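Keep in mind the model is a prediction, meaning the values are calculated, not measured. Reckoned from all heavy atoms, side chains included, excluding hydrogens, waters and symmetry mates. Remember, it's 1-based here, ligands and their atoms both numbered in the order they're listed.
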Amino acid sequence: MNLILLGAPGAGKGTQAKMLKEKYGFVHISTGDILREAVAKGTELGKKAKEYMDKGLLVPDEIVIGIVKERLKEPDCNKGIILDGFPRTLRQAEELDKILKEMNMKIDAVINIFVSEEEVIKRISYRRSCRNCGTVYNIIYNPPKKNLICDKCGGELYQRDDDREETVKERYKVYVERTEPLIEYYRKKNVLFNVDGTKSIDEIFEEITKIVKIKNKI
Ligand code: AMP
């Protein structure tokens, strides 16, 4: 079972991907997480990516496509994958189709989690992520039990550099221009499912698990 989670920044893709990974053992591939790790390590890739990420822009297609291509070669991907934050442009979607075809794999469902721009800005400015395990909280809607401490691992919660309001507005604009056309791309391929991202985390998860069950016959 191979899934793509589509949606604006802050739609809840990462949260749902982590829950799906826990329930079904799928491999969670988040290009944002991979890039942030490279930035934290100060690798060449990280230095290059940071220039774009800090401005709320997309990292060039060749770089992200290369990252995903390498990651998909790892043997654990046969357990099923959840792509979170990739593809984000038509070129990435077309390249992904080619890569998967070569590997005899296919996308079974694309789940589009939709939320409005106002909701995105409200959510992201209150978002805090764990430095250690990546769990995402919202200090108003989904706060940790202890202030700025991760419930799961005790790690420190921080605000991503690109989660500040001005950058979020740019990221949303980029989403509308570059990523939203993918909804139509996957609708035409008959693999698109729309999920209302303003519902609660558990309600959204329930809807997604229903889709997984239908597609996976489990
Ligand atoms: P995310 O954590 O998915 O919101 O990604 C954070 C940032 O990483 C984005 O704003 C982009 O700068 C970059 N990024 C992540 N995934 C991609 C992608 N598929 N294509 C281009 N840039 C990406």
Students should be able to answer this: which protein heavy-atom is nearest to atom 1 (P) of ligand 1, and at what distance?
R88 NH2, 3.6 Å

Are any non-hydrogen side-chain atoms of K69 and M103 less than 4.5 angstrom apart?
no

Heteroatom proximity flag, G85 to ligand 1, N/O under 3.5 Å:
yes

Honestly curious: do L5 and L192 fall in one hydrophobic cluster under the side-chain, below-4.5 Å linking rule?
no

Just jot down the ligand 1 atoms closer than 4.0 angstrom to any heavy atom of V64, in number order.
17 (C), 18 (C), 19 (N), 20 (N), 21 (C)

Looking only at distances, please establish whether an N/O atom of ligand 1 is found under 3.5 Å from an N/O atom of D84.
no

At what distance is the nearest protein heavy atom to atom 22 (N) of ligand 1, and which residue and atom is it?
V59 N, 3.0 Å

K13 touching ligand 1 at heavy-atom level, < 4.0 angstrom:
no

Report the nearest protein non-hydrogen atom to atom 16 (N) of ligand 1: residue, atom name, distance rounded to 0.1 Å.
T31 OG1, 2.8 Å

Which of the numbered atoms in ligand 1 are below 4.0 angstrom from a heavy atom of Q92?
18 (C), 19 (N), 20 (N), 21 (C)

For atom 8 (O) of ligand 1, what is the nearest protein heavy atom, given as residue, atom name and distance?
M53 CE, 3.5 Å

Element-labelled atoms of ligand 1 that are located less than 4.0 Å from some non-hydrogen atom of R171
4 (O), 10 (O)

If you measure every N or O of P9 against every N or O of ligand 1, does any of those distances drop under 3.5 Å?
no

Please confirm whether K122 makes a cation-pi placement over Y126, using NZ or CZ under 6.0 Å from the six-membered ring centre and within 45° of the ring normal.
no

If the threshold is 4.0 Å, N to carboxylate O, is there a salt bridge linking D163 and R127?
yes

Ligand-residue contact atoms, ligand 1 with R160, heavy atoms, under 4.0 Å
1 (P), 2 (O), 4 (O), 6 (C)

Atom indices of ligand 1 within 4.0 angstrom of L57 heavy atoms, with elements:
11 (C), 12 (O)

Among all protein heavy atoms, pick the one closest to atom 14 (N) of ligand 1 and tell me residue, atom and distance.
L35 CD1, 3.5 Å

Less than 3.5 Å apart, any donor N or O on the side chain of S116 or E119 sitting next to an acceptor on the other?
no

Determine, for E62 against R91, whether the closest basic-nitrogen to carboxylate-oxygen distance falls under 4.0 angstrom.
yes

Whether T167 side chain and G56 backbone form a donor-acceptor pair below 3.5 Å
no

Main chain of K106, side chain of N2: is a donor-acceptor contact present, judged purely on distance under 3.5 Å?
yes

Do Y24 and I81 land in one hydrophobic cluster if side-chain heavy atoms of ILVMFWY residues count as linked below 4.5 Å?
no

